[in-house]
Amino acid sequence: MAIEDFSLKEIGYFVPEIFFLENTVEVAQKLLGKILIVYDEAGNLLGGRIAETEAYLSTNDAASHSYCGITKRNSAMFAIGGTVYVYRSYGVHFCMNIVTEQENIGAAVLIRSIIPMFGLDIMKRNRMKDDLRVLCNGPGKLTQALGISLFDNFKKINNSNIHILDDGCKLDFITTKRIGITKSADLPLRFVII
DNA sequence: ATATGGATGCTCT
DNA sequence: GAGCATCCATATG
């Protein structure tokens, strides 16, 4: 809690909560280029630039965890925009989302990839990999590198040890189908910086 | 360069 | 008991 935020201000502006209350697709696109920062338990600053996101919608999206309504597992996804939603994937990995729009809507953006920038040594240790290219290039990989787990479910962006900063970086991106799903698999809801 | 299959655990039917 | 918003090692072109 006693987090040294002043050092983060040298990196960029804190994204305000209202940023996450907008349309989910727009938030997913605008998150590209933003900087994800996590302080681990030892106080190390870890993170990098968001390079790939996917939008999961509240309606007409069978791949979205919110599609069948609220359950214990997905309840964080129905919190207000700016809430962190973490779930366990394939029994082995964690995936991190940021909830979008208003409370009780059930939409979120999956962070699929970041470009490592801060805390490289710690992230390498967390991942047991030295190759920067495979450190954070996948949703399960980046949570492992950053030490994100179910413990982080329901945390608030910029009001916890998890932050999103804007350093003004604007990057071109492409839009594709989402990865690793079978339902609603053709929707163009994945965004990747070029 | 692309394709497969195994590990893993929890949620929901 | 099925089915996953995955990763990695291994196997093949």
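Below, read A as the first sequence line, B as the second, and so on, with proteins coming before strands; counting in each chain starts at 1. Being a predicted model, the structure only gives us computed values, none of them experimental.
- Non-hydrogen atoms lying under 4.0 Å from DNA chain C are contributed by A/Tyr56, A/Ala63, all within residues 46-64 of chain A.
- As a whole-Å value, the separation of A/Tyr85 OH from B/dT11 P is 10 Å.
- Residue contacts shown for A/Asn74 are absent, as no nucleic acid heavy atom lies under 4.0 Å away.
- Looking only at side-chain heavy atoms (C-beta outward), A/Ile164 and A/Phe19 stay at 4.5 Å or farther from each other.
- Heavy atoms of A/Gly140 sit under 4.0 angstrom from primed sugar atoms or phosphate atoms, though from no base atom.
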Cut-off 3.5 Å, no hydrogens considered: what does the side-chain donor-acceptor table look like for residues 57-64 of chain A, sequence neighbours left out?
unit_1	atom_1	unit_2	atom_2	d
A/Asp61	OD1	A/Ala63	N	3.2
A/Asp61	OD1	A/Arg178	NH1	3.4
A/Asp61	OD1	A/Arg178	NH2	2.8
A/Asp61	OD2	A/Leu57	N	2.9
A/Asp61	OD2	A/Arg178	NH1	2.9
A/Ser64	OG	A/Leu57	O	2.9
A/Ser64	OG	A/Ser66	N	3.4
A/Ser64	OG	A/Ser66	OG	2.9

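- Looking at A/Phe191 and A/Leu31, their side chains never come closer than 4.5 Å, going by heavy atoms from C-beta outward.
- Nearest heavy-atom pair across A/Ile114 and A/Pro116 is O-CD, 3.5 Å.
- In this structure, A/Lys72 atom NZ and B/dT13 atom P are separated by 15 Å, rounded to whole Å.
- For A/Asp167, the salt bridge (Lys or Arg N to Asp or Glu O under 4.0 Å) partners at least two apart in sequence or on another chain are A/Arg49.
- Here A/Arg127 lies in heavy-atom contact (under 4.0 Å) with sugar-phosphate atoms only.
- By the criterion of side-chain heavy atoms lying less than 4.5 angstrom apart, applied directly or through intervening Ile, Leu, Val, Met, Phe, Trp or Tyr residues, A/Leu135 is grouped together with A/Leu46 in one hydrophobic cluster.
- Side chains of A/Ile35 and A/Phe118 form a contact here, defined as non-hydrogen atoms less than 4.5 Å apart.
- Residues satisfying the salt bridge (Lys or Arg N to Asp or Glu O under 4.0 Å) test with A/Lys30, not counting sequence neighbours, are A/Glu26.
- Across all strands shown, A/Arg73 has heavy atoms under 4.0 Å from sugar-phosphate atoms exclusively, and none from any base.
- A donor-acceptor pair shorter than 3.5 Å cannot be found between the side chains of A/Lys155 and A/Thr83.
- A residue-by-residue look at A/Gly180 and A/Lys129 shows that A/Gly180 has its nearest nucleotide of DNA chain C further toward the 5' end.
- With a heavy-atom cut-off of 4.0 Å to chain A, the contacted part of DNA chain C has its first and last nucleotide at C/dC4 to C/dA9.
- The residue A/Leu110 sits close to a base: some heavy atom pair falls under 4.0 Å.
- Using a cut-off of 4.0 Å between Lys/Arg side-chain N and Asp/Glu carboxylate O, A/Asp131 and A/Arg133 are scored as salt-bridged.
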For DNA chain B, just give me the dot-bracket, please: Watson-Crick or G-U, both distances below 3.5 Å, ( ) intra-strand, [ ] crossing earlier pairs, | paired with another strand, . unpaired.
|||||||.||||.

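- When heavy atoms are screened at a 4.0 angstrom cut-off, A/Met128 is found touching no nucleic acid atom at all.
- Put simply, the side chain of A/Glu54 never gets that close to the backbone of A/Arg112: no donor and acceptor are under 3.5 Å apart.
- Residue-to-nucleotide proximity on DNA chain B shows that, of A/His93 and A/Leu150, the 5′-proximal contact is made by A/His93.
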